[in-house]
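A note on names: the letters A, B, ... follow the listed sequences, proteins ahead of strands, and every chain is numbered from 1. Remember, predicted model here, so these are calculated numbers, not experimental data.
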Amino acid sequence: MDSARKLAAGGRCRGGGSRIKDIGAALGNVEALPNQRSRFAAFAFLLQRCANSKALCDGRLIHAHLTRHNYDTSTYLANWVVKMYGDCGSLAEARAVVDCLPNANAYSWNILIKAYCKNGLCRQAVECFYKMQRCGIAPTHVSFVSVLEACASMAALEEGKLIHAAAVKAGYEGHVVVGTALLNLYGKCGSLEDARIVFRQMPNRDVVTWSAMITACAQNGHGKEALEWYNRMEENGIRANQFTFVSALDACASLAALEQGQKIHTSVVLYGYERQAIVGTALVHMYGKCRRLEDARRVFDQLHQRDVVCWGAMITACAQNGHGKEALNLFSRMQSDGFKANHITYASALDACASLAALEKGQELHASIVDSGLEGETGIGNALVDMYGKCGNLKDARTVFSRMRHRDLVSWNAMIGACAQNGHGEEALDFFHQMRSKGVKPDHLTFLSILTACKHAGKVDEARQYFVSINENHGIAQTRGHYMCLIDILGRAGRLDDAEDLIKNMPLECGASCLQSLR
DNA sequence: GTAGGGTTAG
């Protein structure tokens with residue numbers, strides 16, 4: 001209905017925003033303006049409108065008009081045309097304009113580099129950065145910022161380091177935005193030490209710099225350090241904004257640091273961000289990880305606007321806290337509210353089915369996943385294997401696993417776990433050997449399934465060998481679960497002396513909790 | 001009179 005109305009109004013292209021009703025009349029009006037300065041301003045305005053509403057067809061008409069009326073000698077107007085094509089997602093046309101421009105300047109190239117970045121064509125963005133220099137245009141601080149963003153998206157550390165050196169040489173080392181882009185690059189590349197060095201050496205830092213530092217720590221598994229930076233930022237009198245809060249809450253979630261999370265929540269409310277979708281989602285996520293489902297729900301219910309991401313956070317919070325039924329209810333409500341499930345919300349709903357052993361509901365979801373064409377997603381395949389395994393349907397778990405195009409550690413763990421939990425110990429070990437031969441590194445969960453598989457297959461000595469190898473060959477610390485499983489195996493085999501020896505040699509904190517469980 | 005950095009769910 002809505003699109004029909006747009007068509008009736010004369011819209012020819014897809015996209016939102018406010019359109020120019022009659023482009024021909026608009027161009028005529030511009031031509032009637034008394035001087036070149038006002039005509040240029042008006043053309044720029046029209047191109048900007050097209051860019052904002054992604055009206056590519058109208059934009060092309062304006063471009064054609066400019067060419068026909070010899071305005072194409074103006075680099076300024078050409079740059080607006082480049083921006084329009086870039087914002088409309090037509091990178092080839094944007095590129096062609098720059099390539100044909102006799103007097104392309106730094107703006108022309110910077111707009112093009114940014115357009116490539118925005119459309120995920122990072123390699124082309126980097127190539128443009130070098131091309132502009134071959135064309136004799138020196139990169140500005142904006143060029144560096146955009147090209148560093150491209151490197152960050154690709155996690156291209158070596159390329160980024162070369163550009164870092166070039167930025168220093170060009171005298172942009174002390175520039176706050178360039179510095180923040182460098183910090184972000186190192187964070188995204190997992191090189192936290194480089195991020196810290198950049199931060200320390202920056203002469204000026206603003207709230208964006210601090211937030212980027214908190215994000216870099218939070219996203220590299222250094223939640224504690226992220227919160228230290230957050231506190232230090234407050235001490236420095238820098239006022240946090242929604243970005244800062246989201247990153248700090250992410251750190252709290254990863255640490256399950258409820259108290260710190262609650263403190264940040266208080267500040268979020270104080271600054272008026274609580275009902276904002278992204279901040280609210282971060283709060284829901286944090287409370288979910290801290291096992292405070294009621295608090296998560298309170299935030300979720302108060303959000304002004306919900307998107308599929310915050311629905312996903314709430315559904316996951318339920319699924320992971322033993323409220324599978326509520327997770328599935330929310331999943332249905334999300335769809336009746338008009339949001340289409342994606343691979344993440346499907347995975348959480350399957351997770352809920354797995355925890356409820358709700359095979360029928362899981363099969364129903366599987367059918368919708370096939371219909372929506374998401375079956376090929378690795379995360380979906382993993383969740384399906386896990387769901388079928390936990391629902392006792394090993395046959396379908398095998399089928400889904402065998403059809404997966406790409407298998408990661410989680411896929412192998414799900415398959416090995418499915419076999420082990422359903423009493424197919426030998427098959428689990430067979431999958432484990434296949435996994436090893438494909439070069440996939442096992443983790444502590446893999447070994448928990450392997451020990452369970454040994455239990456079912458009655459392989460006592462193999463279990464001991466696997467147990468020792470967890471630490472000796474794979475450098476993974478044995479968990480309480482590993483100990484419990486092996487003690488159980490030894491106990492069932494009547495090897496009580498061995499079980500007792502194992503308990504005696506356990507790390508203290510692990511042993512105490514094991515003994516408690518045994519009693 | 002154009003271009004720039006940091007955020008959310010599995």
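Nearest nucleotide to the side chain of A:Asn342, out of B:dA9, B:dG10, B:dT8: B:dA9. Among B:dA3, B:dG10, B:dG6, the nucleotide with an atom closest to any side-chain atom of A:Asn110 is B:dA3. The side chain of A:Ile111 sits closest to B:dT2 out of B:dG10, B:dG6, B:dT2. Picking from B:dA3, B:dG6, B:dA9 the nucleotide with the shortest atom distance to the side chain of A:Asp250 gives B:dA9. Among the nucleotides B:dG6, B:dT8, B:dG4, the one closest to the side chain of A:Asp307 is B:dT8. If you check B:dA9, B:dT7, B:dA3 against the side chain of A:Lys114, the one that comes closest is B:dA3. Which of B:dT2, B:dG5, B:dG6 sits closest to the side chain of A:Asn79 comes down to B:dT2.
The residue A:Gln219 sits close only to the backbone: its heavy atoms come under 4.0 Å of sugar-phosphate atoms, none of a base.
A salt bridge does not link A:Arg298 with A:Glu274: none of the charged nitrogens is closer than 4.0 Å to a carboxylate oxygen. Look at A:Glu235 and A:Arg232 and you find no salt bridge, because none of the NZ, NE, NH1 or NH2 atoms lies under 4.0 Å from a carboxylate O.
Pairs engaging residues 201-222 of chain A under the salt bridge (charged side-chain N to carboxylate O under 4.0 Å, His left out) rule: none recorded [sequence neighbours left out].
The stretch residues 97-107 of chain A touches DNA chain B through A:Asn105, A:Tyr107, each having a heavy atom within less than 4.0 Å of the strand. Contacts between residues 258-284 of chain A and DNA chain B, counted as heavy-atom distances below 4.0 Å, involve A:Ile278, A:Thr281.
Here A:Asn231 contributes atom CG and A:Gln260 contributes atom CD; the two are 5.0 Å apart, rounded to the nearest 0.5 Å.
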